[in-house]
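Contents: one structure, followed by commentary.
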Amino acid sequence: MKSFPPARIRNVALVGHGGAGKTTLAEALLYCSGAINRQGRVEDGTTTTDFDPEEVKRGISLSLALAPFEHDGYKINLLDTPGYADFVGDVHAALRVADLAVFVVSAVEGVEVQTEAAWRIAAQLDVPRMIFVNKLDRERASFERTLDELREKFGAGVAPLELPIGEELSFRGVADLLTDTAYFYEGGPDAKGRATPGTIPDDMADREHTVHDNLVEGIVVADDDLMERYLEGETISPKELEDTLALGVDQASVFPVVCGSAVKLVGIDRLAQFICEIGPSPQRRPPVKVRAGDGETEIASDPDGPALAFVFKTVADPYVGKVTFFKTLSGTVRPDAQLTNPRTHADERLHGLFTMRGKEQDTLSEVPAGDIGAVAKLSDTGTGDTLAPKGTPVVVPTIQALEPALSIAIVPRSKGDEDKLMIGLHRLQDEDPALRVSRNDETKQTLLSGMGETHLSIVTERLARKFGVEVNTEEVRVPYRETITAQAEAEGKYKKQTGGHGQFGVAFLRVEPLDRGAGFEFVDKIVGGSIPRQFIPAVEKGIAEAMATGGVFGFPVVDVRVTCFDGKYHPVDSSEMSFKMAGSLGFREAMAKASPVLLEPISMLEVVVPVAHQGDVMGDLNARRGRVQGTESAGTGEQIITALVPTSEVMRYAIDLRSLTGGRGRFTLEHDHYDLLPSHLTDRVTKAMAESAK
Ligand SMILES: Nc1nc2c(ncn2[C@@H]2O[C@H](COP(=O)(O)OP(=O)(O)OP(=O)(O)O)[C@@H](O)[C@H]2O)c(=O)[nH]1
Ligand SMILES: [Mg+2]
């Protein structure tokens, strides 16, 4: 693909709720601009941007995909993003590099949960926004209803530039409010989405005039000079209106609304045109704030400045290796450029530069400021990293890490696959900042943590497809622990007399409960050499090992003081080994007599939900044995609830909260402390433990 100056580049993210038609719209834009010859369909798995086998199988987008195309002398770097909540990390990544977000909203479903979630992210990042009301050809589509919802949710900045001509089956074109012209799309498939201009149908002329006047008034208020001329009765030219509108878009104070159908190719060419004409070029965006040493400075999008690139996405390919997607923030990145990653201090050589349209690579001769490119085989650079010239270690604030919400435990299906599994997981973690891999030594499980069930099942599918490791998933075990509630004593005796050299050691032990979190304390009260000094550490070691391997119920033992107050030895048969055994046996016996109980982990849960859901969420927390610690307003109609909840009750909270709030809640969980498990639950836990050991 040839190189474009920054003024001719548009970085556009398609965002919105799952199924609104983003991928179909990306396909339509590529097709109408001539970048592809065939309009693929999501249902057939033939679209450009849903190319992953996992995406094809499910018919939904799972990760952001780049699809550049040319329109009218501009290069539009389209970023198709997933609408499903589990993959919101990629929406965030796309919005970090987009200069315009096009919200795709279905005229049937209207504004949905993820539309609002993406809006919040775009607002937070100050990304200019416009809206494409899609699916106007569908039954029960309504532009009016959708527009009302948009205004209600996103405010007075929402400004329609078009009205649909006809709706549902009779949807055939759009009326342009700036120029008072109708565009009809009735040329059939051969027209490839090209419109025929005409006059606005009589039956909608009145309405068109009203909306037109509203729009013009909405635009001219932003400019005193225009306002004055307008009030004096002058007709403001569409070009002038458009320029003023573009300023409002730049400032993310005006959100133009256009409409059409991605499947029927209605309004698609016009959307591309709007993107070029009123969409901000990278140069019109405010300079990027970067950290330089201890201070902060700003970097303008200047192709002649020092090269600076921001990595927003990494994809692990088992054959090509790692592909790194970046946006050049300043300067011009050329093949063989040598840049440094200030985070890892790695010197990276950017060999071949290319762009990708879906899965197809296309060579680039350079990636100037504002443009997006890709490079393969960087050694030590991941998503969110900055690449800067050696000696100028500036760092762009990284992509905010997502806290995983759900965990599963995985085991490789074939025994010898442990190493392959770890390599695969490591590589997948590289491309997916929302994925965490950890090992719990207490429960002896390898845990995979992510954003939700779909996310985690995609990860296991990818492990199999990309790295040839099949895994079984298990329920995550709760790391229960044991402790005692009374004092007890026991004699630990180890004696073996088989043939020649025997084994002999005796340790008298006393166990006492300690405060929560105190751990293990060993007290040596041996006097008069009843156990020789050199063997006392062995007694302690034996106890420690017994505690770790599990007490009466099979869980690790904590918060116990063990005092060794007497013992016996044999001058020939006693050894370290025999005292270790004595310690271990004595401890087990004393523990059993000391009223052992189970401890369960308690988590601190923080839930953010719309006020309307607060009652439901608190009621549900009660049912989970939760103790609400406080509630406070998060502003914007949301409430923050903090509660201490037994960890076992919130292992799948990600799924439960989603269904409880229709996806409108979010939460974080953090281990807080251990507490006594209510005795009526002990049976259930020990039974489950016995089951899982089978
Ligand atoms: N009738 C009609 N159907 C559409 C239109 N746009 C998309 N669809 C259909 O809506 C469904 C979802 O479309 P996608 O393009 O996959 O939606 P998406 O927004 O990419 O969904 P996610 O990737 O899951 O976020 C598909 O069956 C499309 O064929 C449209 O304009 N008209
Ligand atoms: Mg999609």
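What's counted below: heavy atoms across the whole structure, side chains too, no hydrogens, waters or symmetry copies. Residue numbers start at 1 and run along the sequence shown. Just so you know, ligand 1 is whichever comes first in the structure, and atom 1 is the first atom listed for that ligand.
Taking both residues in full, the closest heavy atoms of Arg129 and Ala252 are given as NH2-CB, 3.8 Å, listed atom of the first, atom of the second, then distance.
Each of the atoms 2 (C), 3 (N), 4 (C), 5 (C), 6 (N), 8 (N), 30 (C), 31 (O), 32 (N) of ligand 1 lies under 4.0 Å from some heavy atom of Val263. For ligand 1, the atoms sitting less than 4.0 Å from at least one non-hydrogen atom of Asp137 are 1 (N), 2 (C), 30 (C), 31 (O), 32 (N), numbered in the order shown with element in parentheses. Close contacts between ligand 1 and Glu43 involve ligand atoms 26 (C), 27 (O), 28 (C), 29 (O) [criterion: under 4.0 Å to a heavy atom]. Within ligand 1, the atoms closer than 4.0 Å to a non-hydrogen atom of Thr23 are 15 (O), 18 (P), 20 (O), 23 (O), numbered from 1 in the order shown.
Figure legend: cation-pi geometry between Arg8 and Tyr74, with NZ or CZ positioned under 6.0 Å from the six-membered ring centre and within 45° of its axis.
Residue-to-ligand polar distances keep Pro82 apart from ligand 1: every N/O pair is separated by 3.5 Å or more. Taking distance alone, with nitrogen or oxygen atoms compared against 3.5 Å, Asp50 stays at or beyond that limit from ligand 1. For Ser261, a nitrogen or oxygen atom sits less than 3.5 Å from a nitrogen or oxygen atom of ligand 1, counting backbone and side chain alike. No N or O atom of Gly260 sits closer than 3.5 Å to an N or O atom of ligand 1. Considering backbone and side-chain atoms alike, Thr81 places every N or O at 3.5 Å or more from each N or O of ligand 1. Taking distance alone, with nitrogen or oxygen atoms compared against 3.5 Å, Arg138 stays at or beyond that limit from ligand 1. For ligand 1, one of its N or O atoms has an N or O atom of Gly83 under 3.5 Å away.
Of the residues Leu95, Val97, Val102, Thr49, the one that meets the side chain to side chain contact (heavy atoms under 4.5 Å, CB included) test with Leu79 is Val97.
Coordination check, Thr23 versus the Mg ion (ligand 2): passed, since an N/O/S atom of the residue sits under 2.8 Å. Not a single N/O/S atom of Thr49, whether from backbone or side chain, sits less than 2.8 Å from the Mg ion (ligand 2).
Using cut-offs of 30° and 60° for the angle between ring planes, the Phe667 and Tyr653 rings count as perpendicular. Between Phe154 and Phe103, the ring-plane angle classifies as tilted under the 30° and 60° cut-offs.
Of the protein's non-hydrogen atoms, the one nearest atom 16 (O) of ligand 1 is Val42 CG2, 3.2 Å. When hydrogens are left out, the protein atom nearest atom 6 (N) of ligand 1 is Asn134 ND2, 3.0 Å; that is the closest non-hydrogen contact. Residue, atom and distance of the protein heavy atom nearest to atom 7 (C) of ligand 1 are Thr24 OG1, 3.5 Å. Among all non-hydrogen protein atoms, the one lying nearest atom 12 (C) of ligand 1 is Gly19 O, 3.6 Å.
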